[in-house]
There are 2 protein chains.
Amino acid sequence: MPMDHQPGGAPARVKDRPTWLISRAFARSSGLLAAGFEAHGGGLRSYHYRLLAALEEWGPASQADLGRATGIDRSDVTAVLSELESRGLVARSADPAHGRRNIVTVTAAGVAQLLELDGVVDGVQEQVLDPLTEAQRRQFVALLAKLLG
Amino acid sequence: MPMDHQPGGAPARVKDRPTWLISRAFARSSGLLAAGFEAHGGGLRSYHYRLLAALEEWGPASQADLGRATGIDRSDVTAVLSELESRGLVARSADPAHGRRNIVTVTAAGVAQLLELDGVVDGVQEQVLDPLTEAQRRQFVALLAKLLG
DNA sequence: ACCAGTTGTTGGTCGCGCCAACATTTAACT
DNA sequence: AGTTAAATGTTGGCGCGACCAACAACTGGT
């Protein structure tokens with residue numbers, strides 16, 4: 001390796017490609033998010049946040065519905081819900097009308113935790129977008145939205 | 001779950017946040033990349049591409065240097081290099097001046113594979129940016145670059 | 001009554017990123 | 001020169017997000 005290619009860099013055919021930039025942006029974004037959750041999120045992760053948010057927004061739901069509404073796989077919903085339940089943030093109760101189905105509810109503590117996580121997530125948005133001006137932030141978000149159809 | 005919230009969606013407090021959009025953009029981007037590599041990339045993945053690119057660009061190097069130049073962990077470099085070696089795309093030889101160090105070289109077949117992967121990667125850029133106009137693509141890339149400092 | 005579909009659960013895979021430990025070897029310092 | 005520090009390649013492991021397959025229990029449609 002003749003010269004010093006500042007550590008963490010990438011080959012020329014890689015470093016300017018949109019897919020690479022997107023993956024770096026994601027690394028930055030998810031890194032900051034993970035740091036925020038670890039520092040002020042009670043050790044929860046993004047799956048927990050998504051499920052709490054879904055429950056608070058749409059009210060009690062079955063696990064299958066939660067999975068469909070959030071795009072999280074049924075099996076992962078099961079696991080994450082068990083963690084939330086053991087923390088008292090969520091409650092599972094049997095659906096009287098359907099033998100197998102559970103009805104999942106957010107507890108008051110769960111709502112409180114969600115609100116706290118909201119603050120963490122808001123702070124991370126600030127950090128992520130910090131290098132951009134207000135106008136650029138709006139442009140960036142608009143372009144992302146269009147990219148995602 | 002009273003109403004149908006189109007599957008794969010996300011709660012309101014999630015779906016418009018920049019971190020979420022970035023993660024969706026990454027999911028799309030890396031999904032297309034994975035599909036491209038699987039279809040026309042000989043079963044290689046992005047680590048293989050990054051290492052081949054680094055070798056082609058900077059010439060023979062030690063594994064540690066490759067790791068530093070690409071941002072890939074030493075241990076992962078070892079594993080991926082072994083796969084590339086077993087495919088004949090790369091060659092490891094002992095450094096005469098240093099007992100422990102290896103000198104890694106791209107073979108002709110490795111360069112050929114790299115060029116093929118270049119085509120795949122180029123095609124994926126097209127797919128990823130497809131929803132944007134030319135001007136928007138330039139804006140988007142510029143904003144990503146600024147975001148990443 | 002039967003079959004098809006749903007639900008919750010278990011257990012597994014994959015990619016990317018990262019870390020710890022270890023033997024081996026080289027370089028730096030006293 | 002001798003001791004210590006650092007570098008190198010390798011093994012084995014972890015975490016997260018995202019999937020998939022299979023299964024028993026249960027429901028609904030025909």
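None of the values given here were measured: they were computed from a predicted structure. So you know, we letter chains A, B, ... as the sequences are listed, proteins then strands, and number each from 1.
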Enquirer: Are any of A:R45's side-chain N or O atoms less than 4.0 Å away from OP1 or OP2 of D:dC16?
Expert: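 For D:dC16, OP1/OP2 do have a side-chain N/O of A:R45 under 4.0 Å.
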
Enquirer: If I take atom CZ in residue B:R68 and atom C1' in nucleotide D:dA6, what distance separates them, rounded to the nearest angstrom?
Expert: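 The answer, rounded to whole Å, is 11 Å.
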
Enquirer: Please figure out whether B:A97 or A:R74 has its closest DNA chain C nucleotide nearer the 5' end.
Expert: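 The residue closer to the strand's 5' end, by nearest nucleotide, is A:R74.
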
Enquirer: If each of B:S75 and A:T78 is mapped to the nucleotide of DNA chain C with the nearest heavy atom, which maps nearer the 5' terminus, i.e. the 5' end?
Expert: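 Its nearest nucleotide being more 5', the pick is A:T78.
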
Enquirer: Test side-chain contact (heavy atoms from CB on, under 4.5 Å) on A:I72 and A:L66 and set out the steps.
Expert: CA-CA 8 Å; A:I72 300 175; A:L66 281 174; over 6 Å; no

Enquirer: Is A:R17 salt-bridged to B:D122, going by a charged N under 4.0 Å from an acidic O?
Expert: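 Counted as a salt bridge, because a side-chain N and a carboxylate O are separated by less than 4.0 Å.
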
Enquirer: Counting distance only, does the side-chain N/O of B:Q125 pair as donor-acceptor with the main-chain N or O of B:V121 below 3.5 Å?
Expert: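 Confirmed, B:Q125 side chain pairs with B:V121 backbone.
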
Enquirer: Using atom CD1 of B:I103 as one end and atom C1' of D:dT8 as the other, report the distance to the nearest whole Å.
Expert: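 Rounded to the whole Å, the gap is 13 Å.
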
Enquirer: Between atom CG in A:L44 and atom P in D:dG17, what is the gap in whole Å?
Expert: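 Rounding to the nearest Å, CG of A:L44 and P of D:dG17 are 11 Å apart.
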
Enquirer: Roughly how many Å is it from CZ in A:F37 to C1' in D:dG15, rounded to a whole number?
Expert: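 So the CZ-C1' distance, A:F37 to D:dG15, works out to 15 Å.
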
Enquirer: So B:R28, base contact, sugar-phosphate only, or nothing? Heavy-atom distance under 4.0 Å.
Expert: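 The answer is nothing, as B:R28 stays clear of every strand by at least 4.0 Å.
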
Enquirer: Write down the distance between CG (B:D65) and C1' (D:dG9), rounded to a whole number of angstrom.
Expert: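 Whole-Å distance recorded here is 13 Å.
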
Enquirer: Tell me, please, the opening and closing nucleotides of DNA chain C, 5' to 3', among those with an atom under 4.0 angstrom from a non-hydrogen atom of chain A.
Expert: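 Boundary nucleotides touching chain A, in 5' to 3' order, are C:dT7 to C:dG17.
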
Enquirer: Which residue lies toward the 5' end of DNA chain D, A:H98 or A:G43, if each is placed at its nearest nucleotide?
Expert: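 The residue closer to the strand's 5' end, by nearest nucleotide, is A:G43.
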
Enquirer: Donor-acceptor pair, B:R74 side chain versus B:A64 backbone, under 3.5 Å?
Expert: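 It does not hold such a pair.
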
Enquirer: Side-chain heavy atoms under 4.5 angstrom apart, residues restricted to Ile, Leu, Val, Met, Phe, Trp, Tyr: same cluster for A:L143 and A:L129?
Expert: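 Same cluster: A:L143 reaches A:L129 through Ile, Leu, Val, Met, Phe, Trp or Tyr contacts under 4.5 Å.
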
Enquirer: Answer yes or no: is there a donor N or O on one side and an acceptor on the other, between the side chain of B:E56 and the main chain of B:L114, under 3.5 Å?
Expert: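 Side chain of B:E56 to backbone of B:L114: no pair is present.
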
Enquirer: Once you round it to whole Å, what is the distance between C1' of D:dA18 and CG of B:L33?
Expert: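 Between C1' of D:dA18 and CG of B:L33: 16 Å.
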
Enquirer: Identify whether B:V14 and A:L32 are in the same connected component of the hydrophobic contact network (ILVMFWY, side-chain heavy atoms under 4.5 Å).
Expert: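 Yes, one cluster joins them.
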
Enquirer: Which residue, B:N102 or B:D76, contacts DNA chain D at a nucleotide closer to its 5' end, judged by nearest heavy atom?
Expert: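 Here B:N102 is the residue nearer the 5' end.
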
Enquirer: Can you tell me the distance, in whole Å, between the CD atom of A:E38 and the C1' atom of D:dC16?
Expert: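 Whole-Å distance recorded here is 13 Å.
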
Enquirer: Please confirm whether the shortest side-chain N or O distance from B:Q63 to OP1 or OP2 of D:dA7 is below 4.0 Å.
Expert: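 It does not, given that no N or O in the side chain of B:Q63 lies less than 4.0 Å from OP1 or OP2 of D:dA7.
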
Enquirer: Measure CZ/B:R101 against P/D:dT10 and give the value in whole Å, please.
Expert: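 Going from CZ in B:R101 over to P in D:dT10 covers 14 Å.
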
Enquirer: How is A:S46 classified with respect to the nucleic acid when contacts are heavy atoms under 4.0 Å: base, sugar-phosphate, or nothing?
Expert: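 Sugar-phosphate: the residue A:S46, judged by heavy atoms under 4.0 Å, touches backbone atoms but no base.
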
